[in-house]
Trainee: 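One structure follows; several queries about it will come next.
Atoms within a ligand are numbered from 1 in the order they appear, just like the ligands themselves.
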Amino acid sequence: MQLTDEQIYARDAQDYLPVFARYKIVLDHGDGVYVYDTQGKKYIDFLGGIAVNVLGHNYPELVKAIAEQAGKMIHCSNLYYTQVQADAAEKLVKLSGFGKVFFGNSGAEANEGAIKAARKYAHSVSADKSQIISAMHSFHGRTIATLTATGQPKYHEGFGPLPEGFDYVPYNDIGALEKLMSDKTAAVMLEPIQGEGGVHVPDIEYMQQVRRLCDKYDAVLIFDEIQSGMGRSGKFFAYENFGIRPDVVTLAKGLAGGVPIGAFITTDRVAAALHAGDHGSTFGGNPLACAAANVVLDRVGTESFLHHVGEMGEYMKSRLSAMQAKHPELIKEVRGMGLILGMELSRPGREIVDACLAKGAIINCTAENVLRFVPPLIVTKEHIDEVCDVVESVLPAYC
Ligand SMILES: *Cc1c(COP(=O)(O)O)cnc(C)c1O
């Protein structure tokens, strides 16, 4: 039976755990950078499923690979080998230059695995080496360990007791980190660009000092690139922008273009601490997800594709900066890298997001007052103009 939108809202209210502040549209299908609701209304999608649909919607090659793999085998246990998983792992090892990959099903799971790897490695050095340091305003996921690593008290409230050994420092403040670190530090976990926290880009010198401190104390440097990786910054890995390499990097969101997957990639040195039985996943890296990831990695992991992301990012940033010049009271700052861009407002952003939606543009607001743009990486200048024209047209009403 085909439900009306009103019936779907009513069912959701009745049946679904009310954890999402949803927008009142029912989406039906997508095509490239556009999605369509059940009324046939077209929206330009500059959220991309929150940095997930890197190749846009219904990318033909991706759809074909998924359909072909589904026709062969959707899933098999990790007790057996598959070529699609071996291919996906090899691509990530080649792109990163790291030694080992592990596949899970989500960002939180990728980070959970990274934390486990770091703790296991640290305990192989010394029994009391267990401290995990993360940044304030970070976001690392919703499992108990990853929400504990998330440096935002609102995510912790009501879920205690939380696991021990987690500490927090202000982001981009090397003095605070230096004070807290010691031989007991097992890991420092950072987003190279903070996404949910409001699109914050740290200084190059800060990141290089973080690397030095981790070397000094033999602490595992974990970069959570679940949002900023997969080409989004204009480099395949966001860390490439800072001239350093972490010891563990996590990916998820864009990795399979929308099919659930997560991965942590690490050096052979850290990986050597993990043995058969230490970690696992039923679904992680299953053939369907890996078939999708292989298409995305082949496409995104090329010079020309990454160059395109960088160019489009520059163009969009210039358009956003022009809006800031026009409305300096409303727009406090424009920041970001490549196609992870934020526009900090002097007021909450939700109403502006609603106004854009009414005009057929999907954008998002994070950290209350930061408009966030994480579109499919295949966007063109014309798409950027289309979405910027909508944003520009709604701003005057909020000045
Ligand atoms: C989205 C996100 C996560 C969590 O990913 P899930 O797939 O929702 O578990 C973790 N870290 C960062 C930086 C993210 O943006």
Side-chain angles (χ1 to χ4, degrees), residues 17 19-22 47-54 102-118 132-152 154-156 159 166 168 171-172 187-202 207 221-233 237-239 241-242 246 248-265 281 283-286 289 292-293 296 335-342 364-367 370 372-375 377:
L17 196 69
V19 291
F20 298 110
R22 298 191 205 263
L47 181 59
I50 316 185
V52 168
N53 301 96
V54 287
F102 179 84
F103 290 115
N105 310 288
S106 67
E109 261 185 76
N111 284 339
E112 193 81 26
I115 291 167
K116 283 181 70 180
I132 313 274
I133 301 176
S134 61
M136 289 166 188
H137 305 295
S138 59
F139 183 80
H140 297 299
R142 305 285 195 159
T143 63
I144 287 283
T146 59
L147 79 83
T148 304
T150 293
Q152 303 195 53
K154 69 171 179 185
Y155 291 111
H156 298 172
F159 294 111
F166 288 80
Y168 313 94
Y171 195 56
N172 208 26
V188 174
M189 183 168 192
L190 295 174
E191 293 158 88
I193 302 169
Q194 285 190 336
E196 300 304 304
V199 190
H200 294 282
V201 182
M207 296 297 261
L221 180 56
I222 303 170
F223 275 178
D224 175 349
E225 298 209 5
I226 288 162
Q227 188 160 157
S228 57
M230 287 306 298
R232 188 152 295 277
S233 72
F237 290 102
Y239 67 73
N241 295 292
F242 301 95
V248 184
V249 60
T250 58
L251 294 173
K253 291 195 162 83
L255 177 52
V259 178
I261 192 169
F264 75 84
I265 314 169
S281 170
F283 293 118
N286 88 3
V296 178
R335 48 184 189 246
M337 244 180 200
L339 288 170
I340 173 166
L341 295 170
N364 162 257
C365 175
T366 188
V370 181
R372 174 176 48 173
F373 306 92
V374 282
L377 303 180

Trainee: Which heavy atom of the protein is the closest neighbour of atom 15 (O) of ligand 1, given with residue, atom name and distance?
Mentor: K253 NZ, 2.6 Å
Trainee: Quick check on side chain to side chain contact (heavy atoms under 4.5 Å, CB included): which of I340, L339, V54, L47 does P375 satisfy it with?
Mentor: L339
Trainee: For atom 11 (N) of ligand 1, what's the nearest protein heavy-atom neighbour? Residue, atom name and distance, please.
Mentor: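 Going by distance alone, atom 11 (N) of ligand 1 is nearest to D224 OD2, 2.7 Å.
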Trainee: Answer side chain, backbone, both or neither: which part of N111 comes under 4.0 Å from ligand 1, heavy atoms only.
Mentor: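 Answer for N111: side chain.
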Trainee: Short question: side chain of T250, backbone of F264 - any donor-acceptor pair under 3.5 Å?
Mentor: no
Trainee: Picking from H137, R372, Q152, what satisfies side chain to side chain donor-acceptor pair (under 3.5 Å) with E196?
Mentor: R372
Trainee: Specify side chain, backbone, both or neither for A252, according to which of its non-hydrogen atoms lie closer than 4.0 Å to ligand 1.
Mentor: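 Neither; no heavy atom under 4.0 Å.
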Trainee: Between the side chain of Q194 and the main-chain N/O of M136, is any donor-acceptor distance below 3.5 Å?
Mentor: yes
Trainee: In the protein, which heavy atom is nearest to atom 9 (O) of ligand 1, and how far is it?
Mentor: A108 N, 2.7 Å
Trainee: Give the atoms of ligand 1, by number and element, whose distance to some non-hydrogen atom of Q227 is under 4.0 Å.
Mentor: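 The list of qualifying atoms is 15 (O).
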Trainee: Donor-acceptor pair, distance only, cut-off 3.5 Å: does the side chain of R335 make one with the backbone of G198?
Mentor: yes
Trainee: For M189, which of I133, N111, L221 qualifies under side chain to side chain contact (heavy atoms under 4.5 Å, CB included)?
Mentor: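 Going through the options one by one, the only one that passes is N111.
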Trainee: Do you know which two heavy atoms are closest between I265 and L251, and how far apart they sit?
Mentor: CD1-CD1, 4.0 Å
Trainee: I'd like to check whether E109 has a polar contact with ligand 1, where a contact means an N/O of the residue lying under 3.5 Å from an N/O of the ligand.
Mentor: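 Not met; the criterion fails.
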Trainee: Just going by heavy-atom distances, which of A51, S106, G107 is nearest to atom 5 (O) of ligand 1?
Mentor: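 Result: the heavy atom closest to atom 5 (O) of ligand 1 is in G107.
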Trainee: Judged by modelled atom types alone, do N241 and S233 share a side-chain donor-acceptor pair under 3.5 Å?
Mentor: yes
Trainee: Decide whether an N or O pair under 3.5 Å exists between F139 and ligand 1.
Mentor: yes
Trainee: Quick one: does atom 7 (O) of ligand 1 have a protein heavy atom under 4.0 Å from it?
Mentor: yes
Trainee: Indicate yes or no: does an N/O atom of E191 lie under 3.5 Å from an N/O atom of ligand 1?
Mentor: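 Between E191 and ligand 1 (N or O atoms, distance only) the closest approach is not under 3.5 Å.
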